[in-house]
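One structure below.
Positions are given from 1 along the sequence. None of these values were measured; they are calculated from a predicted model.
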Amino acid sequence: MTTPSRGKVAVFSAGSWGTAFSIVLADAGNDVVLWARRPEVAEAINERRENPDYLPGIELPPAVSATHDVEKALHGADVVVLATPSQSLRENLTAWAPYVEPGAVFLSLMKGVELGTLDRMSEVIGQVTGAGPERIAVVSGPNLAKEIARREPAASVVACEDEDVARMLQQRCHTAAFRPYTSVDVLGCELGGAYKNVVALSVGMAVGLGFGDNTTASVITRGLAETARLAMKLGANPLTLMGLAGLGDLVATCSSPLSRNRTFGERLGQGMSAEEIYASTRQVAEGAKSCASLLALAERTGVDAPIAEHVDAVVAGRMTAQQMMESFIARDTKAETD
């Protein structure tokens, strides 16, 4: 499918999801510049046409180039895609913001809630850059990077409070294999995307402990209910949680061995500590960082969040995965409903 060029997009940074989304953007007709934190990664992308550290063996389109130079990456870009770890966004974006073109639209691929402030990524972007909600959008949905990079059929949601901007971005990333839908519910999409990582950790722990489908299905279902309670209390549209940015993302992240968060949870279930897992991989499992902030957000909002509470306890080393499952099952059921 050949599409005329639609403009320049800068993607920060060159991890697995940022690289995979760059393929989507290039296939949709954009000129794409990937910013890589390490110069050797940018060099490898430009010379070998692949990202050997994160997506080895997948050829990148000619329209994708890479650089370690922030100013070069952002020059002339009317869309800035952010795919950095959530907890480092504020610091990084503070350094990048002076080079962003006036009026450029920000598109967040991140799925987390900032520790301490409890801000969502769109809120951090607005605070750091001064951009209004009409210039800040998010992508959420079943986004397993390797499958999308291989151009397997997938769908996601592009959300922005300005519906016209959401539609513009929809066109900028619509390809023969990637179908984006639009939404104005940024809050619901971001909370669904962040919370499903925490649920995937708990599912992974169940798998690591050797439990089967009844257990994992129960955790996924209760996780969706927990997510919906918090999102709706904060003002999200409940239908968002039933769609791609809620249930769709939750199922993919909890079910696939490609999921970083599920894999992280499996290792916790097998007895590894969070520190040991961090030391064994360069991939970031967002749920391990965001479980504490999502729990704090739920507590501040007055929402019962047993999955976030128990996952946070395991990640922090206050209980084992086995103790988590036993405690979760033993909870008082008088307030529980389907």
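Judged by distance alone, with hydrogens and angles left aside, the side-chain atoms of Thr320 form a donor-acceptor pair with the main-chain N or O of Gln323 at under 3.5 Å. Here the side chain of Ser255 pairs a donor or acceptor atom with the backbone of Val251 at under 3.5 angstrom. Listed for the Glu276 side chain is a donor-acceptor partner under 3.5 Å among the backbone atoms of Ser273. Asp31 contributes no side-chain N or O that, together with a main-chain N or O of Ala63, makes up a donor-acceptor pair within less than 3.5 Å. Glu50 contributes a side-chain N or O that, together with a main-chain N or O of Gly57, makes up a donor-acceptor pair within less than 3.5 Å. For Lys8 (side chain) and Ala73 (main-chain N/O), a donor-acceptor pair under 3.5 Å exists by modelled atom type. In this structure, Asn46 contributes its side chain and Ala42 its backbone to a donor-acceptor pair below 3.5 Å. A side-chain donor-acceptor contact under 3.5 Å links Asn197 to the backbone of Lys111. Using a distance-only test at 3.5 Å, with no hydrogens or angles considered, a donor-acceptor pair links the side chain of Asp69 to the main chain of Glu71. Looking at Arg49, its side chain does come within 3.5 Å of a backbone N or O of Val64 through a donor-acceptor pair.
Annotation: side chain of Met272 is in contact with side chain of Ile277 (closest heavy-atom distance under 4.5 Å). Taking the side chain as every heavy atom from C-beta outward, Met242 and Leu224 approach each other to under 4.5 Å. The shortest side-chain heavy-atom distance between Met121 and Leu82 does not fall under the 4.5 Å cut-off. Side-chain contact between Trp35 and Val11 is absent, with no heavy atoms from C-beta onward closer than 4.5 Å. Under the 4.5 Å side-chain criterion, counting only non-hydrogen atoms from C-beta, Ile125 is in contact with Leu89. With contacts defined as side-chain heavy-atom distances shorter than 4.5 Å, the pair Ile23/Arg151 qualifies. The closest side-chain heavy-atom distance from Val199 to Cys254 is below 4.5 Å. Between Val79 and Val81 the shortest side-chain heavy-atom distance falls below 4.5 Å.
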Legend entry - Test log, rule side-chain contact (heavy atoms from CB on, under 4.5 Å), inputs Leu244 and Asp249: CA-CA 6 Å; Leu244 289 164; Asp249 202 2; over 6 Å; no

Inset, instruction - Using the side-chain contact (heavy atoms from CB on, under 4.5 Å) rule, take Arg267 and Ser280 through it: C-alpha gap first, then chi angles, then the decisive distance, then the call. - result: CA-CA 11 Å; Arg267 293 177 180 176; Ser280 69; 3.4 Å; yes

Legend entry - Tyr195 and Leu250: CA distance, side-chain angles, deciding distance, side-chain contact (heavy atoms from CB on, under 4.5 Å) verdict: CA-CA 8 Å; Tyr195 222 109; Leu250 181 67; over 6 Å; no

Inset, instruction - Apply side-chain contact (heavy atoms from CB on, under 4.5 Å) to Glu101 and His75, showing your working. - result: CA-CA 7 Å; Glu101 296 284 358; His75 180 70; 3.8 Å; yes

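Shown here is Glu59, whose CD atom has no more than 12 heavy atoms of other residues, nucleotides or ligands within 6.0 Å. In Met232, the CE atom is not crowded: 12 or fewer heavy atoms of neighbouring residues, nucleotides or ligands sit closer than 6.0 Å.
The CG atom of Leu25 sits 8.0 Å away from atom CZ of Arg172, with the distance rounded to the nearest 0.5 Å. In this structure, Arg229 CZ and Leu241 CG are separated by 11.5 Å, a value rounded to the nearest 0.5 Å. Residue Ser65 holds its OG atom at 10.5 Å from CG of Leu60, rounded to the nearest 0.5 Å. Between the OG atom of Ser290 and the CG atom of Leu201 there is a distance of 10.0 Å, given to the nearest 0.5 Å. Taking CG from Leu294 and CG from Asp312, the interatomic distance works out to 10.0 Å, rounded to the nearest 0.5 Å. How far CG of Asp27 is from NE2 of His174: 12.0 Å, rounded to the nearest 0.5 Å.
Ala194 approaches Val113 most closely through the heavy-atom pair CB-CG2, 4.2 Å. For the residue pair Ala137 and Cys160, the shortest heavy atom distance occurs at CB-CB, 3.8 Å. Closest of all the heavy-atom pairs between Leu115 and Gln87 is N-OE1, 2.9 Å. Minimum interatomic distance between Val198 and Gly287 (heavy atoms only, all atoms of both residues): CG2-O, 4.0 Å. Looking at every heavy atom in both residues, Ser256 comes nearest to Arg262 through O-CD, 3.5 Å. Residues Thr301 and Lys233 share a closest heavy-atom pair of O-NZ, 3.0 Å.
In the model, Thr182 has no side-chain atom that pairs as donor or acceptor with a side-chain atom of Gln170 under 3.5 Å. Under 3.5 Å, the side chains of Thr19 and Asn51 contain a donor-acceptor pair of N or O atoms. For the residue pair Glu91 / Thr94, no side-chain donor-acceptor distance below 3.5 Å is found, with atom types taken as modelled. In summary, the side chains of Glu326 and Gln322 do present a donor paired with an acceptor at a separation below 3.5 Å, with no hydrogens or angles considered. When only modelled atom types and interatomic distance are considered, Thr253 and Lys196 share a side-chain donor-acceptor pair under 3.5 Å. Residues Asp185 and Thr240 bring a donor and an acceptor atom of their side chains to less than 3.5 Å of each other. Under 3.5 Å, the side chains of Ser156 and Asn143 contain a donor-acceptor pair of N or O atoms. Counted by atom type alone, Asn261 and Glu286 present zero donor-acceptor pairs between their side chains at under 3.5 Å. Looking only at atom types and distance, the side chain of Glu190 has a donor-acceptor partner in the side chain of Ser122 under 3.5 Å away.
The side-chain contact (heavy atoms from CB on, under 4.5 Å) test with Met205 singles out one residue from Val314, Thr215, Val219, and that residue is Val314.
Linking ILVMFWY residues whenever their side-chain heavy atoms come closer than 4.5 Å, directly or via other members, leaves Val138 and Val124 in distinct clusters. Residues Val105 and Val128 are members of separate hydrophobic clusters, defined by side-chain heavy-atom contacts under 4.5 angstrom among Ile, Leu, Val, Met, Phe, Trp and Tyr. No continuous path of ILVMFWY side-chain contacts below 4.5 Å connects Leu247 to Val157, so the two sit in separate hydrophobic clusters. At a threshold of 4.5 Å between side-chain heavy atoms, the hydrophobic network of Ile, Leu, Val, Met, Phe, Trp and Tyr places Phe106 and Leu109 in two separate groups. In the hydrophobic clustering of ILVMFWY residues, with side-chain heavy atoms under 4.5 Å counting as a link, Leu144 and Val139 come out apart.
Checked against the 6.0 Å centroid threshold, Phe264 and Tyr278 count as a close aromatic pair.
By the 30° and 60° cut-offs, the orientation of the rings of Phe12 relative to Trp96 is tilted. Aromatic ring pairs are classed by plane angle as parallel below 30°, tilted from 30° to 60° and perpendicular above 60°; the pair Phe328 and His310 is perpendicular.
Between Glu123 and Arg120 a salt bridge is recorded (basic side-chain N to carboxylate O distance below 4.0 Å). With respect to the salt-bridge test (charged N to carboxylate O, under 4.0 angstrom), the residues Arg331 and Asp304 qualify. One finds no salt bridge joining Arg167 and Asp162 here, because no Lys/Arg side-chain nitrogen approaches an Asp/Glu carboxylate oxygen to under 4.0 Å. A salt bridge between Arg222 and Glu226 is absent, with no side-chain N of the basic residue lying under 4.0 Å from a carboxylate O of the acidic one.
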